[in-house]
**Q** 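What follows is a single structure, and I will ask about it in a moment.
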Amino acid sequence: MTSQRTALLICSRRTALMGLMPGAAGPDPEEADPVASSTRHSDPMRCRMDSTSSSAWSQATRKSSQRCLKASSAASVAAVFSPPACARASTTAAAAATNSSYAALRSSTVASIPPPPPRKRRRSSLSDDSNRIAPNSTTTPSQAGPSGENMRWPNRMGIRMGLHSISCIWARAQGPELVSYSATASMTSEEFQAAMAGKKFSSYHLAAALRRELDPAAALRLFLNPPTSATAPSSAPFRYSLRCYDLIISKLAAARLFPAMESVLSRLASSSAPRPREQLLCRVISAYGRARLPAAARRAFAHPAFPEPRTVRALNTLLHALLACRTPLHDLLAVCRDARIPPDACTYNILMRAAAASVSLEHARLLFDEMLHRGIAPTVVTFSTFVAALCDAGQLEDAFELKGVMVRQYKLSPNAYVYASLMKGLCEQGDVDAAVRLKEEMAGSAEAVLDSGVYATLVRALFRVGRKGEVTGLLEEMKGRGIVADRVVYNAMIAGFCEDERDPSAAFAVLDDMKKSGNKADAVTYNTLVAGLCKLGRWPDAAELVEDMPRQGCSPDVVTYRMLFDGMCAAGEFLEADQVFNEMVFKGFAPSKDGVRKFVQGVERGGDVALLELVLCRLAKVNALESSGWEKAVSGVLNGPSKLRLEKQLDSLQIA
DNA sequence: TTAGGGTTAG
C-alpha cells in the first residue's frame, strides 16, 4: 500500500516539477495543472521509470515504508506506546480511584441542578404567520450583496439606538448652533470640548473616538460626520488620516457591514489620504472569506484603494479566504498563476490543505514535492497540515511515519497541532489507551505544550468507549498541570453526556458548572444540548432552550435551527416545525435537504392541504425544495380542493 | 490580523 503510494508519488514527481506556480521549474504549458497532469501520468509503469527524481520526503517515505512499515514500524510504535511498568500501574490505580470520585462528583452536581424549566407556549420568538414579516432585504438568503453573491446580512445591520443617540440629543440641547454634529458616547470630554469650543477637531481626535466606539453603525456615523465647530472655518473639509480610514474599515469589516465598508473604500481610493498598508487589505479579504463571499474577496484583492504591488501576504490571505469558501484547488492555482507573486511556505501550506480536502492526498504530495524543488523549506505547519489530512483519511500509520520524518529529516519537532491530530485519529479508531500514552509523550516534549484541546479530545473519547469514570481523573490531572478547563473541555463533557450517556440532566449540570467557572457557553454547547434533547424526543425542552439562548448571550445559528426543526419533524410535530421553519427563513437560514424532505412528506401524510400549500410556497421562496419533492408534493396537493389557489401561487413564484 | 488541532450536524 505504502510502496504503491510511493511509486505514485515518484511517478507524479515529474509532473510536479512542471510548475504549478509562477517561476516553478518546467515550461511545459500542457502540464501546468497538477490535477490534469497527474491524471495524464497515472500509468504506474511509466512512473517507476522516473524514480531517480524523488523528493526528500518521497525518499524518506520510500525508505521508511521499506524499513519501518514492514519490519520495525510495529516495534517502534510499540516502543512509543508502551509505558514503563510503574506508569501502567499508576494509571490503573488512578483509573480505579477516579471511577468512584467522578461518579460522586457527578451525582452531587446533577442533584443540585434542576432540569430545564417546563416548556411554555412559545410565542415570543416563534410568532404565528399573521405577525411574521416576510423576509426583507436584510435577511433574505438570496440577497445579492456587493459581490453579487448570495449572502445573509447579519442582524447587526440594524442601526441601534443607544448611548450614541442619547448623547446626540444631549449635545444638540446644549447648543446646536455650535456643533453641527454631536459627539458620540465614545468621545472623551476633551474631544467633545474641542469641538464645542471651536478648537480644531482633528483626525487624531476622530481616530481616538472611533477606537472607543463599539457600535460599528455609530462609528460610521461619526466617521461620515465628524464634529465641526461653527466658529471654525466651515469651508475647509475634514482631513481624514489613514488611521481613521483603517479604523472604520476594520470595524465595518468585522461587523460584516460590507456595503458601508465598500463605500468607505471607494472614498479612500479617491481621497488624497496616504495609501493604506496591505495589512488593512488583508483584514478586508479575510472578512469576506469569513462571510463566505469568494467573489468579493477576489475583488478586494484588486481594489484600487490599495497600492500595487501585492505581496505574498495578501495573496495568502486571499487563498485562505477562498479556501474557507471551499474554492476548488484548480481555481486556487489559477489565482496563484494570475497573481504572478512568488509563493512562500504559507502559500503551499494553504494549497496543500485545499488539495487534501478537495482533491486527494496525492495532489497534496505533488505540491509538497514542488515546494521542495523550489527551495522552499517545509515548516511545522506543513507537517501538521499533512498529519491532519492523513488522520482524516484514516491513514494513521502514514501519519505517525510522517511525524518521524519531520523529526529525522527536517529537524522539526511535532507541536500541539500534530499531536492533537494523531490523538484524534487514535481515538476515532477506539484506541484511547494509545492516545493517552501519546499525551504523556507530549508532556515530555519541550515544543509541544499540553493544552485543553488535548484533554478535550481524550474526554470525548473516554465517553465514546464507555469509560466516563476515568474523566474526573483526567480532569484532575489537567488541573494539576496548570491547565484550566475551557469551553472546549466542557463542550466535550456535555457531548459525552448527551450523545453517549443520553443523560441531558447531567449535561445541564455540566453547563451550570461551565457557567460558574466563568466559561461562556457557545453555539456548540447549546447545539449539543438541543440535539441531545431532540434525540430523546424532548423537543419542547429543546425549543425552550433555543428560545432562551439570546438571553444567555448566544444567538442560535443555522445548526441550532436545523436540529430543532429536524427534531420536531422526527416527532411528527409539523405545525411546530413550520413555525421554526418560518423563523429560519426570516433569519436567512436554510433547513437541511433531509429535513425538508421529511417535513414535506410528513405534512403531506397529515393531509392538511392548506398547510402543505403554505409550506411549499415558503420552501420555494428560499429555493429549498428539490424537484422530486415538488413533484410529489404538488401531485398530492393538486388532488385537493385548493388546486386553483395553489396554481395561482405557483404562477406567481419566482424560483431562483 | 498570511498557514495548522481539539468540542456540535451534515
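The chains referred to below are lettered A, B, ... by the order of the sequence lines, with proteins before strands, and numbering in each begins at 1.
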**Q** Under 4.0 angstrom, heavy atoms only, what part of the nucleic acid is A:R277 near: base, sugar-phosphate, or nothing?
**A** nothing
**Q** Counting heavy atoms not belonging to A:R326, are there more than 12 under 6.0 Å from its CZ?
**A** no
**Q** Within the 4.0 Å heavy-atom criterion, would you say A:S250 contacts the bases, only the backbone, or no part of the nucleic acid?
**A** nothing
**Q** Would you mind telling me which of B:dA3, B:dG5, B:dT7 lies closest to the side-chain atoms of A:T379?
**A** B:dA3
**Q** Using a cut-off of 4.0 Å on non-hydrogen atoms, how would the nucleic acid contact of A:T560 be classed: base, sugar-phosphate, or nothing?
**A** nothing
**Q** Nearest to the side chain of A:D451, heavy atoms from C-beta on, is which of B:dG5, B:dG6, B:dT8?
**A** B:dG5
**Q** Does a side chain donor of either A:N519 or A:S517 reach within less than 3.5 Å of an acceptor in the other side chain?
**A** yes
**Q** Separation of A:L564 atom CG from B:dA9 atom C1', in whole Å?
**A** 14 Å
**Q** Provide, to the nearest angstrom, the distance between the CG atom belonging to A:L280 and the P atom belonging to B:dT2.
**A** 12 Å
**Q** State which of B:dA9, B:dG6, B:dA3 makes the closest approach to the side chain of A:D486.
**A** B:dG6
**Q** Rounded to whole angstroms, how far apart are CD on A:E499 and P on B:dT7?
**A** 11 Å
**Q** Is A:R460 near enough to B:dG5 that one of its side-chain N or O atoms lies under 4.0 angstrom from OP1 or OP2?
**A** no
**Q** If the condition is ring-ring contact (aromatic ring centres under 6.0 Å, His included), which residues does A:Y245 pass it with, not counting sequence neighbours?
**A** A:F223, A:Y240
**Q** Of the nucleotides B:dA9, B:dG5, B:dT2, which one has an atom closest to the side chain of A:R353?
**A** B:dG5
**Q** Calculate the interatomic distance between A:L318 atom CG and B:dT1 atom P; express it in whole Å.
**A** 14 Å
**Q** Quick check for you: among B:dT1, B:dT8, B:dA3, whose closest atom lies nearest to any side-chain atom of A:R290?
**A** B:dT1
**Q** Grab the OH-P distance between A:Y561 and B:dA9 for me, whole Å please.
**A** 19 Å
**Q** Any salt bridge (Lys or Arg N to Asp or Glu O under 4.0 Å) involving residues 522-534 of chain A? Give me the pairs, sequence neighbours left out, ordered by first then second residue.
**A** A:R487-A:D522
**Q** Rounded to whole Å, how long is the line connecting atom CG of A:L458 with atom P of B:dG5?
**A** 18 Å
**Q** Taking the side chain of A:M563 as its heavy atoms from C-beta onward, which of B:dA9, B:dT1, B:dA3 lies nearest to it?
**A** B:dA9
**Q** For A:L462 and B:dG6, what is the distance between atoms CG and P respectively, to the nearest whole Å?
**A** 17 Å
**Q** Considering only side-chain heavy atoms of A:C346, which listed nucleotide, B:dA3, B:dT7, B:dG6, is closest?
**A** B:dA3
**Q** Look at A:K424 and B:dG5 and indicate whether a side-chain polar atom (N or O) is within less than 4.0 Å of OP1 or OP2.
**A** no
**Q** Does A:H320 have a side-chain nitrogen or oxygen under 4.0 Å from the phosphate oxygens OP1 or OP2 of B:dA3?
**A** yes
**Q** Going by distance alone, is a donor N or O of one side chain under 3.5 Å from an acceptor N or O of the other, for A:S250 and A:R283?
**A** yes
**Q** Without decimals, in angstroms, what is the distance between A:L315 CG and B:dA3 P?
**A** 12 Å
**Q** Touch check for A:D566, heavy atoms < 4.0 angstrom, all strands: base, sugar-phosphate only, or nothing?
**A** nothing
**Q** By nearest atom, which of the nucleotides B:dG5, B:dG6, B:dT8 is closest to the A:S452 side chain?
**A** B:dG6
**Q** Which part of the nucleic acid does A:V380 contact within heavy-atom distance under 4.0 Å: base, sugar-phosphate only, or nothing?
**A** base
**Q** Other residues, nucleotides and ligands only: do more than 12 of their heavy atoms fall within 6.0 Å of NZ on A:K598?
**A** no
